[in-house]
Amino acid sequence: MSHVYCQECGFQNPESANYCSRCGALLVKDAPGEATQTFTPDEGDGSPEAVLEDLGVKGPALVVRSGGGRAGETFSAEAAETTIGRSPECGIFLDDVTVSRKHAVLTNANGTFRIEDQGSLNGTFVNRRRVEAAELEDGDELQIGKYRLTFLNR
């Protein structure tokens with residue numbers, strides 16, 4: 001049997017109680033919520049210049065290299081600002097608990113691309129280094145949660 005402790009007097013009450021049996025205070029119960037799982041990136045294959053055949057991509061794009069069974073999926077990066085995260089409202093939707101709801105933002109200012117972490121739990125990595133913000137160049141590897149993506153600007 002589980003118990004709920006009174007925040008006023010510390011008395012141990014049955015889980016089904018709404019008020020403390022000793023002092024009458026309203027019992028606050030933890031509500032189940034959504035959580036983000038922690039994830040530590042591995043070292044990988046050690047070759048940032050992994051083989052990326054010509055995918056027929058025109059213009060800036062992010063290509064999923066691994067993670068979530070989505071290898072080869074391509075996302076356009078031509079917008080001025082593209083959000084990346086677990087929320088379905090994000091421009092790049094990565095549905096996994098290792099990705100925060102609003103994990104990072106990819107910005108395009110006159111052809112210069114930057115990635116900015118949005119306070120995510122697991123961080124954003126560029127070429128295996130954790131960054132708060134970084135300028136991206138063609139071929140850079142991004143890691144967001146368990147997803148590895150390659151930035152192409154061709």
Side-chain angles (χ1 to χ4, degrees), residues 2-8 10 15 18 25-154:
S2 185
H3 300 287
V4 177
Y5 292 90
C6 177
Q7 291 183 335
E8 298 295 322
E15 184 178 18
N18 291 321
L26 179 64
L27 297 174
V28 178
K29 299 177 185 174
D30 292 331
E34 195 173 309
T36 300
Q37 185 179 51
T38 60
F39 177 78
T40 304
D42 57 5
E43 286 301 312
D45 60 8
S47 62
E49 300 85 26
V51 180
L52 282 173
E53 265 48 305
D54 185 9
L55 299 170
V57 176
K58 303 279 190 258
L62 284 173
V63 179
V64 178
R65 286 185 36 217
S66 65
R70 296 172 66 178
E73 194 169 338
T74 304
F75 300 97
S76 173
E78 292 180 338
E81 186 173 285
T82 305
T83 56
I84 304 169
R86 191 178 72 221
S87 171
E89 287 114 32
C90 291
I92 299 176
F93 174 52
L94 301 175
D95 190 20
D96 187 77
V97 294
T98 61
V99 179
S100 296
R101 282 184 213 100
K102 297 224 165 120
H103 198 100
V105 174
L106 178 66
T107 56
N108 174 3
N110 299 322
T112 301
F113 293 88
R114 287 184 58 80
I115 187 86
E116 291 183 36
D117 188 82
Q118 299 294 295
S120 66
L121 178 65
N122 291 318
T124 300
F125 294 79
V126 175
N127 297 326
R128 296 196 179 102
R129 276 184 269 177
R130 189 171 183 155
V131 297
E132 292 299 317
E135 192 169 311
L136 297 177
E137 296 179 13
D138 185 45
D140 280 348
E141 177 188 86
L142 277 76
Q143 180 145 357
I144 296 175
K146 70 177 183 180
Y147 292 91
R148 286 189 183 219
L149 305 105
T150 300
F151 176 72
L152 300 176
N153 191 10
R154 299 180 178 170

So, do [X] and [Y] sit near enough that their side-chain heavy atoms are less than 4.5 Å apart?
X	Y	result
Leu27	Asn18	no
Gln143	Arg128	no
Val64	Arg148	no
Leu136	Leu106	yes
Leu62	Ile84	yes
Ile144	Ile92	no

Which pair of heavy atoms, one from [X] and one from [Y], lies closest together, and at what distance?
X	Y	value
Val126	Ala134	CG2-CB, 4.2 Å
Gln118	Lys102	CB-O, 3.3 Å
Arg130	Ser120	NH2-O, 3.8 Å
Ala61	Thr74	CB-CG2, 3.8 Å

Find the distance between [atom1] ([X]) and [atom2] ([Y]) and round it off to the nearest 0.5 Å.
X	Y	atom1	atom2	result
Thr124	Glu132	OG1	CD	8.0 Å
Phe93	Arg70	CZ	CZ	7.5 Å
His103	Arg86	NE2	CZ	10.5 Å
Glu73	Leu149	CD	CG	9.5 Å
Ser87	Leu94	OG	CG	11.5 Å
Phe113	Leu152	CZ	CG	11.0 Å

Quick check: does any side chain N or O of [X] sit under 3.5 Å from a backbone N or O of [Y], one acting as donor and the other as acceptor?
X	Y	answer
Asn153	Asp138	no
Asp117	Ala104	no
Thr98	Lys146	yes
Thr150	Gly139	no

- Glu137 atom CD, neighbour heavy-atom count above 12 within 6.0 Å: no
